[in-house]
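Contents: one structure, followed by commentary.
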Amino acid sequence: MSSLVSLVTAAITLISTFLVSIFGYGVDIADTTKAYRERVAGLTFYENTIETALPQTIVYDMVSEHFDSPLPDGKTEKKAIIIGFDGGRADALDAFSVENGGSKMLLESGGKAYIAYAGGANFPLPIIQATSTAPGWCSILTGKWGLETGIINNGITKAVEPKTLLTTLVEDGKADQTMFQVSWGGHFTSDNSTYKLEKAYCEENSLNVVFGKNPDDPGTHASMLAAVTEPDCPDFIMGIYEHMDAAGHGTGYTVNNPDYQQAYIDSETCAGELIAAIESRPTYEQEDWLIVITSDHGGKWSGHGTLYIQERMIFIVTNKEITQ
Ligand SMILES: [Zn+2]
């Protein structure tokens with residue numbers, strides 16, 4: 001029986017390699033819905049299942065509730081950070097595999113990992129927004145789906161309302177400063193970028209919201225590290241690493257792709273460095289930090305945006321339990 005399995009696996013690998021040689025990108029025919037479900041079910045660190053996946057908008061609720069809840073004894077300041085792994089699939093989270101990785105650090109010190117969904121509805125219901133970058137991060141930052149924000153796909157500029165946490169936390173006096181660090185122009189720099197109008201609103205109203213555009217992931221990482229090591233660092237920091245999405249588009253979103261696996265390791269390493277820097281802050285003991293690692297969407301073959309389960313399920317790893 002096991003020799004038959006080996007033979008089938010070898011045949012699938014051979015056919016996939018053949019297809020890649022024709023199409024030039026990551027076609028992994030072993031990446032079936034069934035295989036995906038089995039892998040996710042085997043990841044025992046998840047608190048929930050695909051069937052009970054949380055909406056990705058819950059990240060907004062987590063951050064809002066963090067800033068609204070009273071300070072614990074001995075703490076004098078609220079802080080929160082969202083570390084984004086763009087294009088990270090739920091089955092790619094190999095939380096304990098990366099030494100000094102962000103997820104491992106969080107889970108080993110009492111944190112929790114959850115399966116969440118992008119697209120506006122859990123599998124197998126029809127999606128109501130593309131499983132893509134702009135809708136994913138916009139739902140995380142506004143707590144709303146595309147029907148309310150208008151961001152049902154990339155390349156759409158959101159009206160000022162509904163505003164993101166970046167702006168509302170400052171306007172409501174819950175944060176002195178917030179910060180958004182990215183390298184993709186589609187967030188707030190290109191003509192049809194998502195937050196172009198919100199960024200202009202912040203500038204017109206002299207709101208202390210930093211929109212940081214970096215040339216690439218190393219640039220984003222340097223900006224993030226600089227932010228968390230500042231004595232008076234922003235109260236809410238959001239940063240997005242593109243390693244996984246770049247590898248997925250390049251050679252395939254699948255855990256069978258070594259490039260995609262390496263991109264995951266690189267993202268975890270960045271997250272680990274950020275968390276270590278936060279924990280080394282001289283004022284860390286007086287600060288109440290919410291730390292979240294999450295992704296905007298998954299992917300299948302070399303793309304994303306549609307309703308495949310591999311595109312829809314994402315992860316949330318956090319140092320605080322989600323209570324709802
Ligand atoms: Zn993305």
Side-chain angles (χ1 to χ4, degrees), residues 25-26 53 55-57 59-60 82-93 115-120 127-142 144-146 149-158 164 166 180-190 192-196 211-217 219-221 224 238-255 257 259-264 266-268 270-271 292-317:
Y25 56 77
Q56 67 187 160
T57 50
V59 177
Y60 171 92
I82 299 176
I83 305 169
F85 292 2
D86 204 291
R89 286 171 37 151
D91 69 335
L93 188 77
I115 299 169
Y117 62 83
I127 55 169
I128 57 172
Q129 64 187 36
T131 47
S132 291
T133 303
W137 294 124
C138 192
S139 290
I140 285 169
L141 282 169
T142 62
K144 299 178 191 307
W145 298 114
T149 63
I151 307 303
I152 55 169
N153 212 331
N154 291 348
I156 300 168
T157 299
K158 183 175 72 61
T164 66
L166 294 156
F180 192 21
Q181 293 291 344
V182 303
S183 59
W184 186 51
H187 291 298
F188 50 79
T189 41
S190 67
N192 53 0
S193 55
T194 316
Y195 308 106
K196 196 171 103 174
F211 288 86
K213 171 71 169 67
N214 304 278
D216 50 23
D217 269 2
T220 301
H221 190 48
M224 294 288 279
M238 164 89 181
I240 302 172
Y241 293 98
E242 299 292 337
H243 299 286
M244 296 186 79
D245 201 52
H249 283 302
T251 48
Y253 295 81
T254 158
V255 293
N257 175 9
D259 291 348
Y260 189 66
Q261 284 180 332
Q262 185 59 49
Y264 169 67
D266 294 344
S267 303
E268 284 283 16
C270 288
V292 178
I293 301 174
T294 189
S295 58
D296 51 343
H297 55 80
K300 181 177 163 63
W301 292 14
S302 64
H304 57 77
T306 71
L307 45 65
Y308 287 108
I309 194 168
Q310 295 94 329
E311 299 172 293
R312 299 172 66 167
M313 313 317 300
I314 58 163
F315 49 79
I316 297 171
V317 187

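For ligands, and for the atoms within them, numbers begin at 1 and follow the listed sequence. Because the structure is a prediction, the values reported are computed rather than measured.
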Would you verify whether the NZ or CZ of K300 falls within 45 degrees of the ring axis of Y253 while also being under 6.0 Å from that six-membered ring's centre?
no
Take atom CZ of F188 as the centre, draw a 6.0 Å sphere, and report whether it contains more than 12 heavy atoms from other residues, nucleotides or ligands.
yes
Flag, side chain of R312 to backbone of T131, donor-acceptor distance under 3.5 Å
no
Is there an N/O/S atom in T133 that lies less than 2.8 Å from the Zn ion (ligand 1)?
yes
Minimum-distance atom from the Zn ion (ligand 1) among N, O or S atoms of D86
OD1
For the side chain to side chain contact (heavy atoms under 4.5 Å, CB included) test, which of I151, I152, I128 pairs with W145?
I128
Backbone or side-chain N/O/S of H297 under 2.8 Å of the Zn ion (ligand 1)
yes
Per residue D296, nearest N, O or S atom to the Zn ion (ligand 1) is named OD2
